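Everything below concerns the one structure shown next.
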Amino acid sequence: QVQLVESGGGLVQAGGSLRLSCAASGSIASRNAMGWYRQAPRKQRELVASITSSGSTNYADDVKGRFAISRDNAKNTVYLQMNSVKPEDTAVYYCNAHVPMAWGRWGDYWGQGTQVTVSS
């Protein structure tokens, strides 16, 4: 079924850049809406960025202009380019696939997460 594997997390200094990758099984990334979420310690998981199968993107207000989500259909991979990172960006980042199902229902699938730590 759906398998999502994140990579690219690590320690980065404030103002630096990082690129996260989400490798999806089959053609999941090209056929479905994909998203990046993050969860900081003791905080709720929040949407960072999303991209639809048609290429439309959406971003959380606090990452607009700094982060960019993209997709490589040939590699069935979704990326999150993180620029000008801030300590507030520190969190576990999760890849998500939003899959349409029968009768108007949707399924959400998640990767294992990758830790991003931004030092000041």
Side-chain angles (χ1 to χ4, degrees):
Q1 293 184 347
V2 177
Q3 185 175 2
L4 307 173
V5 180
E6 302 100 329
S7 62
L11 177 64
V12 62
Q13 293 182 344
S17 298
L18 205 65
R19 188 178 72 163
L20 306 183
S21 299
C22 174
S25 58
S27 58
I28 295 297
S30 62
R31 294 166 54 192
N32 299 280
M34 304 291 295
W36 285 98
Y37 290 71
R38 66 186 180 188
Q39 187 166 21
R42 299 183 181 90
K43 301 295 184 179
Q44 295 182 353
R45 187 173 299 184
E46 63 176 353
L47 175 66
V48 177
S50 64
I51 184 169
T52 69
S53 59
S54 62
S56 298
T57 58
N58 183 58
Y59 297 93
D61 287 342
D62 58 353
V63 307
K64 289 180 179 177
R66 299 191 298 118
F67 293 4
I69 188 171
S70 62
R71 177 189 1 242
D72 186 334
N73 288 337
K75 293 182 171 62
N76 204 31
T77 299
V78 175
Y79 303 95
L80 183 68
Q81 179 65 46
M82 306 169 61
N83 297 325
S84 302
V85 296
K86 306 174 181 179
E88 305 92 271
D89 296 321
T90 296
V92 177
Y93 284 71
Y94 297 91
C95 183
N96 166 265
H98 196 56
V99 180
M101 303 176 69
W103 311 112
R105 285 184 278 270
W106 297 80
D108 282 292
Y109 299 88
W110 301 90
Q112 82 287 350
T114 184
Q115 176 72 47
V116 172
T117 302
V118 182
S119 62
S120 60

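Count residues from 1 along the sequence. Not measured: the values here are computed from a predicted model. Both backbone and side-chain heavy atoms feed into the values below; hydrogens, waters and symmetry mates do not.
Closest of all the heavy-atom pairs between Val48 and Tyr93 is CG2-CE2, 4.2 Å. Considering every non-hydrogen atom in both Val118 and Pro87, the closest pair reads CG1-N, 3.6 Å. Between Arg66 and Val85, the shortest heavy-atom distance links the atoms NH1-CA, 3.8 Å. In terms of heavy atoms, Ser30 sits closest to Asn73 at CB-OD1, 3.2 Å. Listed here is the closest heavy atom pair of Ala23 and Thr77: CA-OG1, 4.0 Å. The nearest pair of heavy atoms linking Ser84 to Ser17 is N-OG, 4.4 Å.
The backbone N or O of Gln112 lies less than 3.5 Å from a partner atom in the side chain of Glu6, making a donor-acceptor pair. Although no hydrogens or angles enter the test, the distance criterion places a donor-acceptor pair under 3.5 Å between the side chain of Asn76 and the main chain of Ala24. No donor-acceptor distance shorter than 3.5 angstrom exists from the side chain of Thr52 to the backbone of Ala33, with no hydrogens or angles considered. Formation of a donor-acceptor pair under 3.5 Å by the Gln3 side chain with backbone atoms of Ser25 is not found in this model. Although no hydrogens or angles enter the test, the distance criterion places no donor-acceptor pair under 3.5 Å between the side chain of Gln39 and the main chain of Ala91. Side-chain atoms of Ser27 do not come within 3.5 Å of backbone N or O of Arg31 as any donor-acceptor pair.
A 6.0 Å sphere centred on CD of Glu46 holds more than 12 heavy atoms belonging to other residues, nucleotides or ligands. Around the CD atom of Gln44, the shell of radius 6.0 Å holds no more than 12 heavy atoms that belong to other residues, nucleotides or ligands. Residue Lys64 places its NZ atom among more than 12 non-hydrogen atoms of other residues, nucleotides or ligands, all under 6.0 Å distant.
Grouping the Ile, Leu, Val, Met, Phe, Trp and Tyr side chains by contacts below 4.5 angstrom, directly or via other members, places Tyr94 apart from Val78. Both Tyr59 and Ile51 are part of a single hydrophobic cluster, where members link through side-chain heavy atoms under 4.5 Å apart. The cluster map of Ile, Leu, Val, Met, Phe, Trp and Tyr, joined by side-chain heavy atoms under 4.5 Å apart, puts Met34 and Val2 in the same cluster. Connection of Met82 to Tyr37 is not established within any shared hydrophobic cluster, with ILVMFWY side chains joined at heavy-atom distances below 4.5 Å, either directly or through further cluster members. Residues Ile28 and Tyr109 are members of one and the same hydrophobic cluster, defined by side-chain heavy-atom contacts under 4.5 angstrom among Ile, Leu, Val, Met, Phe, Trp and Tyr.
Ion pairing of Lys86 with Asp62 is absent here, as no side-chain N (NZ or NE/NH1/NH2) approaches a carboxylate O to less than 4.0 Å. A salt bridge does not link Asp72 with Arg19: every distance from a Lys NZ or Arg NE/NH1/NH2 to an Asp or Glu carboxylate oxygen is 4.0 Å or more.
No side-chain heavy atom of Leu18 sits less than 4.5 Å from a side-chain heavy atom of Asp89. Side-chain contact check for Trp110 versus Arg45: some heavy-atom pair is nearer than 4.5 Å. Between Trp36 and Ser50 there is no side-chain heavy-atom pair separated by less than 4.5 Å. Using a 4.5 Å heavy-atom cutoff, the side chains of Gln115 and Thr90 are in contact.
With rounding to the nearest 0.5 angstrom, the CD atom of Glu88 is 8.5 Å from the CZ atom of Arg38. Residue Leu4 holds its CG atom at 7.5 Å from CG of Asn96, rounded to the nearest 0.5 Å.
Between Trp106 and His98, the angle of the ring planes stays under 30°, which puts this pair in the parallel group of the 30/60° scheme.
Residues satisfying the ring pair (Phe, Tyr, Trp, His ring centres under 6.0 Å) criterion with Tyr79, sequence neighbours excluded, are absent altogether.
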